[in-house]
Amino acid sequence: MKRTHTCGELGKGDLGKEVCLQGWVRFSRDHGGVAFVDLADRYGTTQVVFDPENLPEGVDAKAIDGAMKGFSRESVVSVVGIVRDRVPGTEDPRNPTGEVEVMITSAEVLNRSAAPPMEVGDQKEGVLPSEDVRLRYRYVDLRRSEMVHALEFRCKFLSLAREYLLKNKFLEIETPMLGRSTPEGARDYVVPSRLHPGKFYALPQSPQLFKQMLMVGGMDRYFQVARCFRDEDSRSDRQPEFTQLDMEMSFVDSKDIQDTVEGLLSYVWKGMYGTELETPFLRMPFEEALEKYGTDKPDIRFGLPLVTLTDVVREAPYGIFQTVISRGGVIKGINVKGSLAGDRIGRNEVDRYIEHAKKLGLGGLTWMRAKDGTLESNIVKYFTPGIIADLMEAMDVEDGDLLFLMAGPEAQTVAAAGQMRLKLGQDLGLAKADDHRFLWLVDCPMFEVDPVTGAKGAYHHPFVLPTGDPHGDGVGGECFDLVLDGNELGSGSMRIHNAETQREVFRILGMSEEEIDEKFGFFVEALGYGAPPHGGIALGIDRFMAVLLGKETIRETIAFPKNKRAQSPFDGSPETIPDDKLEELQIMTLVIDDLEFE
RNA sequence: GCCCUGGUAGUGUAGCGGCCUAUCAUGAAGCCCUGUCGAGGCUUCGACUCGGAUUCAAAUUCCGGCCAGGGCGCCA
């Protein structure tokens with residue numbers, strides 16, 4: 001008999017029906033006579049019961065009993081039975097199907113499972129196996145409701161996004177996976193060409209050039225759920241292959257793109273959560289983000305702003321500050337308000353923050369407490385009453401507050417102070433998991449200068465439209481990042497649509513005319529054939545899902561992720577290939593039997 | 001390339017120089033049990049990541065490797 005219902009849909013309305021359920025044996029409880037089995041699938045769990053005392057005429061109890069001997073955990077089974085009310089008082093209110101049960105009249109094992117390497121049922125306060133084990137047996141792990149939820153969530157998100165974009169004139173277009181390797185950027189994943197020995201394709205780091213050429217091609221509005229590849233070391237929020245919701249629009253400005261994303265997310269929000277997303281999102285200039293939050297992706301779910309104190313304490317005869325300032329460094333402060341439990345952070349905890357500060361690369365951490373209208377600490381003696389008053393005003397100090405001061409070279413100290421702020425926010429429980437705050441990071445620089453080599457690099461990428469003369473000092477880029485709860489979820493920009501401007505930016509980035517022609521000639525040429533003003537954005541879907549689902553890593557939102565070393569625990573890739581295949585591709589490797597030749 | 005954390009039965013853990021023939025839970029196997037739902041009871045099974053060193057004695061200390069994760073660099 002074929003399945004008539006899933007394991008998540010039977011209810012009072014089905015009483016008396018003969019049904020066939022097929023699924024996995026999650027838990028079973030054999031009482032010697034009566035026996036219960038929780039039969040589960042993606043849709044839910046239904047209790048089926050073997051009730052030998054109450055079987056209808058003609059049912060072979062022995063056969064059922066025999067089949068059920070094979071109902072080991074996670075075995076796939078098929079049962080036929082009658083939907084009936086549960087004995088009063090034994091309903092399970094936690095389970096949507098908990099008002100009814102299926103009395104088995106026939107049972108069959110479809111495929112017996114070996115003892116599973118992990119608990120699949122999620123009623124219990126689960127002790128999950130290590131990620132290692134979970135990934136090796138991902139097909140078992142995927143049965144857990146948490147994984148089912150994550151994948152359903154992701155699917156629904158993308159499906160709503162697609163719905164919105166299609167309603168708004170966007171055209172979904174696929175772009176090639178086999179393309180050419182472009183300089184700069186991340187390391188490419190590379191694919192050898194059999195027909196052109198010695199030549200290689202590169203898998204796309206993003207469809208950037210193709211989507212721009214789609215605009216030149218008059219497609220007007222494009223989107224794609226695009227798989228992208230970057231051969232760089234993994235982190236909890238990135239892995240070799242990832243998914244972007246990629247968009248591009250013609251005849252728009254930055255605000256149009258931002259409005260489109262806000263509209264898109266509002267639509268998705270409504271569909272996912274049934275609530276209105278607050279728009280427009282906050283726009284925060286790049287400089288303000290760095291100044292107040294010490295990062296270009298601020299988490300604005302809580303305060304604890306950083307305060308620059310360099311000028312305030314400039315005259316204080318405190319050796320550490322003097323040295324730092326004389327070397328052009330900065331002093332940053334955080335006020336942990338007494339109302340945020342600053343007054344409950346004890347000396348031991350302060351010491352731990354000092355240790356943490358050192359781990360972040362700071363020389364140390366200066367701290368003070370506000371009491372009786374002034375500041376207390378072992379170093380206040382170096383500060384005149386005037387400086388203390390200025391400090392208290394700059395940091396908005398009240399009794400009970402705890403101040404942390406950090407000093408050092410600017411970039412490093414700002415970043416470390418930002419990390420410290422996040423650490424405090426986390427320790428004090430200031431950011432609530434279900435609170436989400438979007439913001440647009442705007443007014444970004446066009447270029448960043450490598451502090452060591454002095455070379456200019458693109459802050460976003462070389463296709464961003466400069467806001468002025470690209471040679472101008474500190475010229476801005478017409479670009480913006482979408483930030484959610486301290487995560488960069490996307491970055492967008494207006495693009496250069498003038499061929500000469502594009503060449504000029506390449507030159508500033510240190511490319512010769514020959515290099516430009518060689519690497520980007522096709523692209524610059526395209527801009528010369530009627531490229532409309534255009535711009536777009538790409539949203540990092542894996543990260544987006546991880547943040548919304550409250551997951552620590554993007555791997556929780558990907559069915560088959562790579563591990564930290566970019567290997568696939570399921571199929572064992574990457575793997576060597578036979579010599580004859582290498583020969584066909586005319587490839588020789590420098591690795592022989594694990595010996596690497598440099 | 002570098003730094004940090006961890007590696008004990010199938011799974012999750014305790015132990016952190018001799019009380020270790022290694023704890024507990026879960027699981028698996030078997031038995032008992034007619035209303036459970038993480039059922040319950042009884043019995044049994046099953047483990048110190050690898051190599052070296054220190055020591056009378058190492059799961060425990062040290063060194064190195066391997067494996068996993070987090071981070072720095074890297075990620076236009």
Side-chain angles (χ1 to χ4, degrees), chain A residues 26-40 45-54 69 72-74 85-95 97-98 101 103 113-137 140-141 182-188 205-206 208-209 228-240 242 356 359-361 412 415-416 419 446-448 450 452 455-464 477 479 488 491 493 505-506 509-511 519-520 540 552-553 555 563-565 567 569:
Chain A
R26 195 84 349 129
F27 300 109
S28 58
R29 300 171 289 280
D30 185 349
H31 288 250
V34 68
F36 304 93
V37 173
D38 290 340
L39 197 61
T45 304
T46 301
Q47 173 165 287
V48 299
V49 54
F50 174 49
D51 190 356
E53 299 275 295
N54 294 302
K69 288 271 185 281
S72 58
R73 278 190 188 218
E74 294 309 312
D85 256 323
R86 290 208 185 178
V87 173
T90 67
E91 302 87 354
D92 182 359
R94 292 168 302 177
N95 188 343
T97 67
E101 61 190 10
M103 182 179 60
S113 171
M118 72 183 83
E119 309 277 329
V120 180
D122 59 356
Q123 293 92 327
K124 60 174 65 182
E125 201 49 40
V127 256
L128 272 181
S130 69
E131 197 176 358
D132 199 16
V133 172
R134 288 179 55 205
L135 291 186
R136 191 154 62 242
Y137 302 98
V140 177
D141 189 42
T182 50
E184 302 186 74
R187 207 174 289 116
D188 286 314
Q205 294 184 24
S206 82
Q208 183 66 33
L209 295 179
C228 308
F229 304 86
R230 292 178 193 176
D231 185 3
E232 298 293 349
D233 291 352
S234 300
R235 289 289 186 279
S236 58
D237 65 349
R238 55 182 223 234
Q239 67 148 30
F242 56 99
H356 189 71
K359 275 187 197 157
L360 292 173
Q412 189 190 356
Q419 289 291 319
M446 180 71 195
F447 302 107
E448 54 191 356
D450 187 308
V452 181
K456 273 188 181 175
Y459 176 73
H460 268 86
H461 56 59
F463 316 109
V464 172
C479 55
E488 185 199 314
S491 100
S493 67
V505 167
F506 283 141
L509 292 172
M511 292 173 67
K519 310 288 189 186
F520 290 110
E552 292 296 319
T553 85
R555 281 172 250 120
N563 70 10
K564 172 116 175 154
R565 298 200 306 159
Q567 295 162 313

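Any value given below was found using the heavy atoms of this structure, including those in side chains, with hydrogens, waters and symmetry copies removed. Reminder, nothing fancy here: chain letters follow the sequence lines and each chain counts from 1.
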**Q** For Glu119(A) and G27(B), give me the distance from atom CD to atom C1', rounded to whole Å.
**A** 7 Å
**Q** Have a look at Glu131(A) and say if it touches a base, only the backbone sugar-phosphate, or nothing, with a 4.0 Å heavy-atom cut-off.
**A** sugar-phosphate
**Q** Check this one for me: any side-chain N or O of Ser130(A) less than 4.0 Å away from OP1 or OP2 of G12(B)?
**A** yes
**Q** Select base, sugar-phosphate, or nothing to describe what Glu448(A) touches, counting heavy atoms under 4.0 Å on all strands.
**A** nothing
**Q** Considering every strand shown, what is the Watson-Crick or G-U wobble mate of C37(B) when both distances are under 3.5 Å?
**A** none
**Q** Using the C1' atoms only, state how far U8(B) lies from G12(B), rounded to an integer number of Å.
**A** 11 Å
**Q** Specify the closest pair of heavy atoms between Pro462(A) and Leu509(A), including all atoms of both residues, with the distance to one decimal.
**A** CB-CD1, 3.5 Å
**Q** Specify the closest pair of heavy atoms between Ser234(A) and Pro240(A), including all atoms of both residues, with the distance to one decimal.
**A** OG-CD, 3.7 Å
**Q** Looking only at side-chain atoms of Arg565(A), point me to the closest of C75(B), C67(B), G70(B).
**A** C67(B)
**Q** Counting Watson-Crick and G-U wobble pairs only, both distances under 3.5 Å, name the nucleotide matched with U44(B), or none.
**A** A28(B)
**Q** Which one, C33(B), G73(B), G35(B), comes nearest to the side chain of Asp30(A)?
**A** C33(B)
**Q** Look at the side chain of Arg94(A) and decide which nucleotide, out of G38(B), A39(B), C75(B), has an atom nearest to it.
**A** G38(B)
**Q** If you measure from NZ on Lys564(A) to OG1 on Thr553(A), what distance do you get to the nearest 0.5 Å?
**A** 11.5 Å
**Q** Rounding to the closest angstrom, what is the interatomic distance between G7(B) and A76(B) at atom P?
**A** 36 Å
**Q** Mapping Gln567(A) and Ala458(A) to their closest nucleotides on RNA chain B, which lands nearer the 5' end?
**A** Gln567(A)
**Q** Measure the CD-CG distance between Gln47(A) and Asn95(A) for me, rounded to the nearest 0.5 Å.
**A** 9.0 Å
**Q** How many whole angstroms separate atom CD of Glu488(A) from atom C1' of A76(B)?
**A** 12 Å
**Q** Round to a whole Å and report the spacing from CD of Gln419(A) to C1' of C4(B).
**A** 15 Å
**Q** Of Ser72(A) and Asn54(A), whose nearest nucleotide on RNA chain B comes first from the 5' end?
**A** Ser72(A)
**Q** Rounded to whole Å, how long is the line connecting atom CD of Glu74(A) with atom P of G27(B)?
**A** 13 Å
**Q** Within this structure, what is the CD-CG distance for the pair Glu232(A) and Asp188(A), rounded to the nearest 0.5 Å?
**A** 9.5 Å
**Q** Any base atoms under 4.0 Å from Arg134(A), or only sugar-phosphate, or nothing? Heavy atoms, all strands.
**A** nothing
**Q** Is it the case that the base of C75(B) and the side chain of Arg238(A) share a donor-acceptor contact (distance under 3.5 Å, atom types as modelled)?
**A** yes
**Q** Looking only at heavy atoms, which two atoms of Ser113(A) and Ser72(A) are closest? And how far apart?
**A** O-OG, 3.5 Å
**Q** In whole Å, what separates the C1' atom of G65(B) from that of A22(B)?
**A** 26 Å
**Q** Between atom CD in Gln47(A) and atom C1' in A39(B), what is the gap in whole Å?
**A** 11 Å
**Q** Under 4.0 Å from OP1 or OP2 of G70(B): is there any side-chain N or O of Arg235(A) that close?
**A** no
**Q** C1' atom, C31(B) versus G70(B): distance in rounded Å?
**A** 48 Å
**Q** Contact class for Pro462(A) vs. all strands (heavy atom < 4.0 Å): base, sugar-phosphate, or nothing?
**A** base
**Q** Determine the minimum heavy-atom distance between Met446(A) and Val464(A), stating which atoms define it.
**A** CE-O, 3.0 Å
**Q** It should be established whether Arg29(A) places a side-chain nitrogen or oxygen under 4.0 Å from OP1 or OP2 of nucleotide U36(B).
**A** no
**Q** Does any nucleotide pair with G17(B) by Watson-Crick or G-U wobble geometry, both distances under 3.5 Å, and what is it?
**A** none
**Q** For Met118(A) and Val133(A), which heavy atoms make the closest approach, and how far apart are they?
**A** CE-O, 4.1 Å
**Q** Asp233(A) side chain: which of G10(B), G70(B), G1(B) is closest?
**A** G1(B)
**Q** Using 0.5 Å steps for rounding, measure from the CD atom of Gln208(A) to the CZ atom of Phe463(A).
**A** 6.0 Å
**Q** When the P atoms of C63(B) and A68(B) are considered, how many whole Å apart are they?
**A** 22 Å
**Q** Once hydrogens and angles are ignored, does a donor-acceptor distance under 3.5 Å link the base of G35(B) to the side chain of Glu91(A)?
**A** no
**Q** Report the base-pairing partner of G69(B) (Watson-Crick or G-U wobble, both distances below 3.5 angstrom), or none.
**A** C4(B)
**Q** What nucleic acid atoms does Asp231(A) come within less than 4.0 Å of, heavy atoms only: base, sugar-phosphate, or nothing?
**A** nothing
**Q** Provide the distance between the two P atoms, one in G30(B) and one in C16(B), to the nearest whole Å.
**A** 37 Å
**Q** With a cut-off of less than 4.0 Å, is there a side-chain N or O of Arg26(A) near OP1 or OP2 of A39(B)?
**A** no
**Q** Is the aromatic ring of His460(A) within stacking range of A76(B), meaning centres under 5.5 angstrom and planes under 30 degrees?
**A** no
**Q** Contact class for Arg86(A) (heavy atom, under 4.0 Å): base, sugar-phosphate, or nothing?
**A** base
**Q** Can you find a side chain N or O atom of Arg73(A) that sits less than 4.0 Å from OP1 or OP2 on A28(B)?
**A** yes
**Q** Across all strands shown, which nucleotide pairs with G64(B) by Watson-Crick or G-U wobble geometry, both distances under 3.5 Å?
**A** C50(B)
**Q** Which whole number of Å gives the distance between the P atom of A25(B) and that of G40(B)?
**A** 12 Å
**Q** Between Phe50(A) (CZ) and U36(B) (C1'), how many Å, whole number?
**A** 15 Å
**Q** When the distance from NE2 of His461(A) to C1' of A76(B) is rounded to whole Å, what number comes out?
**A** 8 Å
**Q** Grab the CD-P distance between Gln239(A) and G71(B) for me, whole Å please.
**A** 14 Å
**Q** Is the shortest side-chain N/O distance from Asn95(A) to OP1 or OP2 of C37(B) below 4.0 Å?
**A** no
**Q** Which value, in whole Å, describes the distance between the C1' atoms of nucleotides G15(B) and G51(B)?
**A** 24 Å
**Q** Heavy atoms from C-beta onward define the side chain here; which of C37(B), A76(B), C75(B) lies closest to that of Asp92(A)?
**A** C37(B)
